[in-house]
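Data block below; observations after.
Letters A, B, ... are given to chains in the order of the sequence lines, protein chains preceding strands, and every chain is numbered from 1.
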2 protein chains.
Amino acid sequence: MSRPERERQMLDIAEEVFAEQGYRAASMDEIAERVGVSKPMLYEYFGSKDGLLSACVARIRTDLYEATQEAMAGAGSPEDALWRGLLAYFAFMDRHNRALAVIAQQPMLIPAAAADAIEATRRRQSGLTASLLAAFAPDVPARAVEAYAEIIIGACERVSLWRARRPEVTAEEAARYVMDFSWQGLRALAPPLPHRGDEPPL
Amino acid sequence: MSRPERERQMLDIAEEVFAEQGYRAASMDEIAERVGVSKPMLYEYFGSKDGLLSACVARIRTDLYEATQEAMAGAGSPEDALWRGLLAYFAFMDRHNRALAVIAQQPMLIPAAAADAIEATRRRQSGLTASLLAAFAPDVPARAVEAYAEIIIGACERVSLWRARRPEVTAEEAARYVMDFSWQGLRALAPPLPHRGDEPPL
DNA sequence: CCGGTAACTTACTCCTGGTAGCTTACTTGG
DNA sequence: CCAAGTAAGCTACCAGGAGTAAGTTACCGG
C-alpha cells in the first residue's frame with residue numbers, strides 16, 4: 001500500500017478510535033491492530049501518539065475551515081456571511097463524529113508540540129472570522145476585532161459542547177442562537193425597559 | 001500532619017505542578033516528592049491521578065463560582081450584574097495561575113470520571129449565568145436562555161485563552177469586550193448606519 | 001504498658017509509549 | 001533477467017510512570 005493511502009487510512013482509524021475511547025484510553029497498539037499494521041508503522045508516519053492526534057485534528061480543522069469559508073463566499077452582506085458561516089459550522093459538526101470534534105477543541109492537555117499544530121489551524125479560523133468583522137467595521141480597533149472573533153469562536157465551541165448533551169437541538173437552531181446573540185446582543189431581550197438607546201456604563 | 005491539612009497541601013502542590021507542566025507531563029512521583037510525601041499517600045487521598053486533577057479543578061471551579069456570584073450579588077441592574085460578573089471572572093483568572101484555569105476547561109482528553117466532575121461544577125457556572133438572563137428576560141424560552149448562557153461562558157473561556165497569548169490585555173479590557181459584545185451585539189459596530197437606537201428585528 | 005488506629009514507606013507489578021534492528025518485496029538500471 | 005537499492009513492514013525489546021501489597025512508625029485512649 002502506498003504512503004498517502006496508508007496515511008489516510010491510519011488517520012481514519014485513529015479518528016474513530018480517539019472518538020470512541022478518548023485520547024488517553026486509546027492505545028497505539030489497538031489503533032495499529034485495527035489498521036492491520038504494526039505499531040512502528042504508526043511511529044514511522046506520525047512520530048508519536050501526540051503527532052497522530054495532531055494530524056487528525058489538523059485534517060478536521062482544515063476541512064472545517066474550508067467548509068465555512070466556502071459557505072461564506074457566496075454571501076451578500078456581512079450579516080448573511082455570519083449566518084452562513086455559523087450554519088456551515090454546526091452542520092459540519094453534525095456530519096463528523098461530535099466526540100472528536102470536541103477533542104479537536106482541547107489544546108492544553110497535550111504537549112506543546114501538538115498544541116502548536118492545533119493552535120495554528122485554529123487561528124486560521126479566528127482569522128477568518130476577524131476578517132469578516134473587519135470588513136464591515138473598519139473603524140473598530142484591531143485588538144477589539146480579535147477579541148470579538150475569539151468570542152464568536154468560543155461561543156460556537158461551547159454551544160457545540162452543549163448540543164452534545166441536547167441532541168434535540170438542531171444545527172440550524174444552534175446557529176440561530178449564536179446569530180441572534182452576536183447580532184443584537186442581549187439588550188434586545190430585556191422587555192420591561194423601554195429606553196434601550198442609552199449607553200452601558202463603560 | 002492531619003488529614004485536611006495534608007489534603008490542602010497536596011492540592012496546592014498538584015495545582016502548581018499541573019499548571020507548570022500540563023496534566024500529562026506531570027508525574028505523580030514528582031508531585032509526591034514536592035509535597036514531601038510518598039506516592040501511595042496521593043493515592044490514599046485521591047484514588048488516582050485523574051482523581052487528583054478532578055479535585056484540583058473542583059476546588060478552583062468552586063472558588064470561581066463563589067467569586068462571580070459574590071461580585072454579582074451587589075448589582076443594581078441585570079446589566080450591572082453582567083458587568084460585575086465578567087470583571088470578577090477575568091480578575092479571578094489573573095489571580096490564579098492561568099495555565100491551570102485553562103486546564104480546567106479541557107474535559108475531553110481525560111477519562112470520563114474526571115470529566116464528569118469538571119462538567120458538573122462547570123454547569124453550575126452556566127446555571128448562574130442562565131438565572132441572570134432569565135431574571136431580566138422572563139419571556140425568552142428556557143432553551144434559548146440556556147444557549148445564551150453557554151455562549152457567554154464559551155466567550156469568556158476563549159477570551160481567557162486569547163489573553164494567554166496577549167498578556168498586555170488587562171482583565172478589565174477583556175471584560176469590556178465581552179460586555180460590549182454581549183450587550184449590543186455586532187450590529188452596533190457597523191459605522192455606515194448612524195441610527196443605532198432603533199429596534200432590532202425580533 | 002499495651003492494643004489499636006491512622007499516617008506513612010519501601011519495593012514491587014504491569015501497562016503502554018516509544019525504539020533498534022532485521023526482513024520482505026517492489027522498482028530500476030545494466 | 002538479475003542485482004542493487006529503496007521503501008514498507010515486522011519482531012522483540014526498553015523505559016518510565018500509574019497503581020498496589022505489605023509492612024513500619026508514631027500517637028492516643030485505657
Interface residues of residues 4-13 of chain A with DNA chain C (non-hydrogen, below 4.0 angstrom):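 Heavy-atom cutoff 4.0 Å gives no residues at all.
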Residues in contact with DNA chain C, drawn from residues 26-37 of chain B - heavy-atom cutoff 4.0 Å: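 Those residues are B:V37.
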Student check: side-chain heavy atoms of [X] and [Y] closer than 4.5 Å:
X	Y	result
B:M28	B:L52	yes
B:W83	B:W183	no
B:E70	B:Y65	no
B:V35	B:D12	no

Residues within residues 39-49 of chain A bordering DNA chain D, heavy-atom distance below 4.0 Å: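 The stretch gives A:P40, A:M41 as the residues lying under 4.0 Å from the strand, ordered by number.
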Below 4.0 angstrom, N of the basic side chain to O of the carboxylate: do [X] and [Y] qualify?
X	Y	answer
B:R34	B:E20	yes
A:D63	A:R59	no
A:R84	A:D80	yes

Opening and closing nucleotides of DNA chain C in contact with chain B, under 4.0 Å to non-hydrogen atoms: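 Nucleotide range in contact with chain B: C:dA7 to C:dT10.
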Bend angle of the helix from C:dC1-D:dG30 to C:dG30-D:dC1, from helix axes over five pairs at each end, nearest 10°: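 Inter-axis angle at the termini of the helix from C:dC1-D:dG30 to C:dG30-D:dC1: 0°.
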A:R158 (side chain) donor-acceptor with B:A155 (main chain) under 3.5 angstrom: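 Absent.
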Rounded interatomic separation in angstrom, taking CZ from A:R3 and P from D:dA7: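 Rounded to the whole Å, the gap is 9 Å.
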Pi-cation contact, A:Y43 with A:K49 (under 6.0 Å, within 45°): no
Ring-face cation of B:R3 near B:Y45 (centre distance under 6.0 Å, axis angle within 45°): yes
Contacts of type side-chain contact (heavy atoms from CB on, under 4.5 Å), residue A:S38, not counting sequence neighbours: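 side-chain contact (heavy atoms from CB on, under 4.5 Å) list for A:S38, sorted by chain: A:P40, A:M41.
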Approximate separation, where rounding is to 0.5 Å, of A:E16 CD and A:C56 SG: 11.0 Å
Minimum-distance pair of heavy atoms, taken over all atoms of B:F92 and B:I60: CZ-O, 3.7 Å
Between B:Y148 and B:R143, a side-chain donor and acceptor under 3.5 Å: no
Test item: side-chain donor near acceptor, B:S27 and B:E30, under 3.5 Å: no
